[in-house]
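Side chains included, hydrogens not; waters and symmetry mates left out as well; all remaining heavy atoms used.
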Amino acid sequence: ARCLSQFEPAEGLVSHRGGDEFVLAIPQLNQTTIEHVAKAILETIATPFYFNGIRLSTSATMGICICPNDGDNHLDLLRNCDMAMYLGKT
């Protein structure tokens, strides 16, 4: 969540859904900005780090939804983001 919070604008929201799933909700972004933010998040997550002297790296799969195209309420948006994320894992 700390890693994602750097991408959270004042009117945005970062939330831990459980397990290894997080939600980053950012209102009123265009497609180009969404792509830029998504790329920056994936690059940040992929940056190696050290823990107890051991070099570690991580990766992530992302599902992106845009309101109202992918849903007009939070339940539809979350469900569609989950489906998009799982498609990215296959």
Would you name the heavy atoms of G63 and A84 that are closest together and state the gap between them?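 Distance-wise, the nearest heavy atoms are CA-CB, 3.8 Å.
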Smallest separation among heavy atoms of S57 and A46, with atom names: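 Distance-wise, the nearest heavy atoms are CB-O, 4.3 Å.
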Any non-hydrogen side-chain atom of D82 less than 4.5 Å from a side-chain atom of M85?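 They are in side-chain contact.
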Hydrophobic cluster of L87, others only, ordered by chain and residue number, side-chain cut-off 4.5 Å: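 For L87, no cluster forms, as it stays isolated from other hydrophobic side chains.
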Are the side chain of [X] and the backbone of [Y] linked by a donor-acceptor contact shorter than 3.5 Å?
X: N52; Y: I54; value: no
X: S15; Y: V23; value: no
X: D76; Y: D72; value: no
X: D70; Y: N80; value: no

Mind checking the [atom1]-[atom2] spacing from [X] to [Y]? Nearest 0.5 Å is all I need.
X: I64; Y: I34; atom1: CD1; atom2: CD1; result: 7.0 Å
X: I66; Y: N30; atom1: CD1; atom2: CG; result: 9.0 Å
X: L42; Y: T61; atom1: CG; atom2: OG1; result: 8.5 Å
X: I45; Y: M62; atom1: CD1; atom2: CE; result: 6.0 Å

Looking at Q31, I'd like to know if its CD atom is crowded, meaning that more than 12 non-hydrogen atoms belonging to other residues, nucleotides or ligands lie closer than 6.0 Å.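 Buried by this count: over 12 neighbours within 6.0 Å.
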Just checking F49: does its CZ atom have more than 12 heavy atoms from other residues, nucleotides or ligands closer to it than 6.0 angstrom?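 Atom CZ in F49 is packed in, count exceeds 12.
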Hey, any chance I26 and I41 share a hydrophobic cluster, counting ILVMFWY side chains that come within less than 4.5 Å of each other, even indirectly?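 Result: yes, single cluster for both.
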Please check if L78 and M83 belong to a single hydrophobic cluster, counting links between Ile, Leu, Val, Met, Phe, Trp and Tyr side chain heavy atoms closer than 4.5 Å.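 Looking at the clustering, M83 is in a separate group from L78.
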